[in-house]
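The shown structure was predicted, so the numbers you read here are calculated from the model rather than taken from an experiment. In what follows, chains are A, B, ... by sequence order, proteins preceding strands, each numbered from 1.
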Protein chains: 2
Amino acid sequence: MIANRPSRHDLLTIGQLSERSGLATSALRYYERLGLIHATRTTGNQRRYTRGTLRRIAFVRAAQRVGLSLDEAKVALDRLPEHRAPSGTEWDGVAQSWQSRIDEQIAELERLKAKLTGCIGCGCLSLTRCGLYNAADRAAAAGPGARYLLTRDPATGPEPAPTDGPDSV
Amino acid sequence: MIANRPSRHDLLTIGQLSERSGLATSALRYYERLGLIHATRTTGNQRRYTRGTLRRIAFVRAAQRVGLSLDEAKVALDRLPEHRAPSGTEWDGVAQSWQSRIDEQIAELERLKAKLTGCIGCGCLSLTRCGLYNAADRAAAAGPGARYLLTRDPATGPEPAPTDGPDSV
DNA sequence: CTGCAACCTGAAGTCGGCTTCAAGTCAAGC
DNA sequence: GCTTGACTTGAAGCCGACTTCAGGTTGCAG
């Protein structure tokens with residue numbers, strides 16, 4: 001095995017990886033427990049990371065930014081090669097799905113923004129028929145797509161009937 | 001007191017409020033503990049809410065959507081009148097600041113998206129100089145503005161020196 | 001060869017935003 | 001007036017994503 005030898009100097013200690021990735025060492029160990037990254041060990045049991053680990057971490061962080069949990073990130077990550085940079089095709093699928101997630105998120109923010117603007121115009125937030133009110137009320141209970149910015153989806157509960165008569169204040 | 005009487009039928013039980021707001025009753029009690037909403041009590045100690053409470057809840061949910069914590073939402077909420085719909089001017093300040101938060105978030109997503117697109121084009125995620133890599137690496141450690149989509153800011157830690165030499169793989 | 005920073009482990013703690021539980025009380029329709 | 005479902009409380013539990021801690025080991029500069 002002459003190719004692929006991570007020649008000693010290409011190996012990072014956890015401290016170095018921490019510095020370069022911006023993640024705390026504790027976080028890196030946590031990621032390892034979750035199977036997001038892997039390390040070889042020295043004879044003395046210390047972790048050593050290949051530089052490719054930085055790529056995996058980059059991937060995970062980006063995944064978080066598009067709203068994925070670490071578990072979800074792992075699923076996506078597992079579909080990419082562990083020791084190489086992904087090929088264009090491999091990367092494509094992932095990137096595509098992220099694109100649409102991002103687009104959804106942007107669209108959602110645009111909607112919220114539009115509603116805010118409307119509210120400025122009308123000086124409302126009265127209950128009668130404010131877009132923002134309706135946004136937070138019904139949209140919060142709507143399906144996926146409103147979820148990502150909220151820390152947790154609160155509307156997994158009832159939301160049973162359209163018990164909203166006319167918004168009689 | 002003829003004006004302002006919440007004539008009995010304008011008062012909602014916690015169950016009704018739950019239904020109309022999409023929040024669980026437990027969440028509503030939790031919001032009350034945080035001071036986000038308030039209730040009067042019946043002689044038998046049950047909560048009764050005015051319809052205006054729906055407005056407050058709407059506000060809080062919207063605040064969460066722009067990335068505020070409940071504590072932050074409370075601060076904003078406390079600057080608006082408790083029993084009336086806010087005036088245009090009152091609403092303006094809040095809306096303005098939310099607008100810019102939203103704009104930041106959108107911009108951030110656009111950046112991420114652009115980087116993803118770049119990655120599709122170049123088939124990269126190689127360590128050499130991938131925008132996405134740099135995004136997740138440095139941008140994650142960057143100041144406020146990258147924070148909101150991440151559940152927690154991981155870069156409150158060190159990130160001490162520009163220890164990033166050339167990206168020698 | 002020594003000293004000390006960096007590393008190791010498992011267990012426990014933290015934080016925000018809730019939910020669940022147990023045990024008891026209220027309100028309203030028959 | 002009784003039943004039954006909606007309500008009350010405080011305390012504890014849960015989730016994700018980590019951090020902190022305590023007590024022990026390693027690796028490398030001098």
Residue-phosphate contact under 4.0 Å: S26(B) side-chain N/O, dT20(C) OP1/OP2: no

Euclidean distance, atom CZ of residue R61(A) to atom P of dA17(D) [Å, nearest integer]: 10 Å

Given atom CG of D71(A) and atom P of dC18(D), what is their separation to the nearest angstrom? 12 Å

What is the distance, rounded to the nearest whole Å, between atom OH of Y49(A) and atom C1' of dC8(C)? 11 Å

L17(B) CG to dA6(D) C1', in whole Å, measures 14 Å

Determine whether T42(A) and R48(A) make a side-chain contact, defined as any pair of heavy atoms from C-beta on separated by less than 4.5 Å. yes

Distance check needed: dC8(C) C1' versus E32(A) CD, whole Å only. 11 Å

Rounded to the nearest 0.5 Å, what's the gap from CG on D71(B) to CG on L77(B)? Could you check? 12.0 Å

Please determine whether a side-chain nitrogen or oxygen atom of T25(B) lies at a distance below 4.0 Å from atom OP1 or OP2 of dC7(D). no

Interatomic distance, L11(A) CG vs dT26(D) C1' [rounded to whole Å]: 16 Å

The side chain of L70(B) is closest to which nucleotide in this list: dG17(C), dC7(D), dT19(D)? dG17(C)

Side-chain N or O of Q16(B) versus OP1/OP2 of dC7(D): is the shortest distance under 4.0 Å? no

Identify each donor-acceptor pair in which a side-chain atom of residues 26-34 of chain A lies under 3.5 Å from a protein atom, sequence neighbours left out, and give them as a table.
residue	atom	partner	partner atom	Å
Y31(A)	OH	R61(A)	NH1	2.9
E32(A)	OE1	R47(A)	NE	2.7

What is the distance from atom CZ of R111(B) to atom CD1 of I102(A), rounded to the nearest 0.5 Å? 12.0 Å

Using OP1 and OP2 only, check whether a side-chain N or O of Y31(A) sits under 4.0 Å from dA17(D). no

Tell me which one of I37(B), L12(B), L11(B), T40(B) satisfies side-chain contact (heavy atoms from CB on, under 4.5 Å) with T50(B). L11(B)

When rounded to the nearest 0.5 Å, the distance separating CD of Q16(A) from CD1 of I14(A) is 11.0 Å

Hey, does the side chain of R29(A) come within less than 4.0 Å of dA11(C)'s phosphate (OP1/OP2), counting only N and O? no

Find the distance Y30(A):OH to dG10(C):C1' and express it as a whole number of Å. 15 Å

Is there a side-chain polar atom (N or O) of R47(B) under 4.0 Å from OP1 or OP2 of dC7(D)? no

Contact between L17(B) and I57(B) at the side-chain level, heavy atoms closer than 4.5 Å - yes or no? yes

Heavy atoms within less than 4.0 Å of DNA chain D: which residues of residues 33-46 of chain A have one? Give them sorted by number. T42(A), G44(A), Q46(A)

Take atom CG of L28(A) and atom C1' of dT19(D), then tell me their distance rounded to the nearest Å. 13 Å

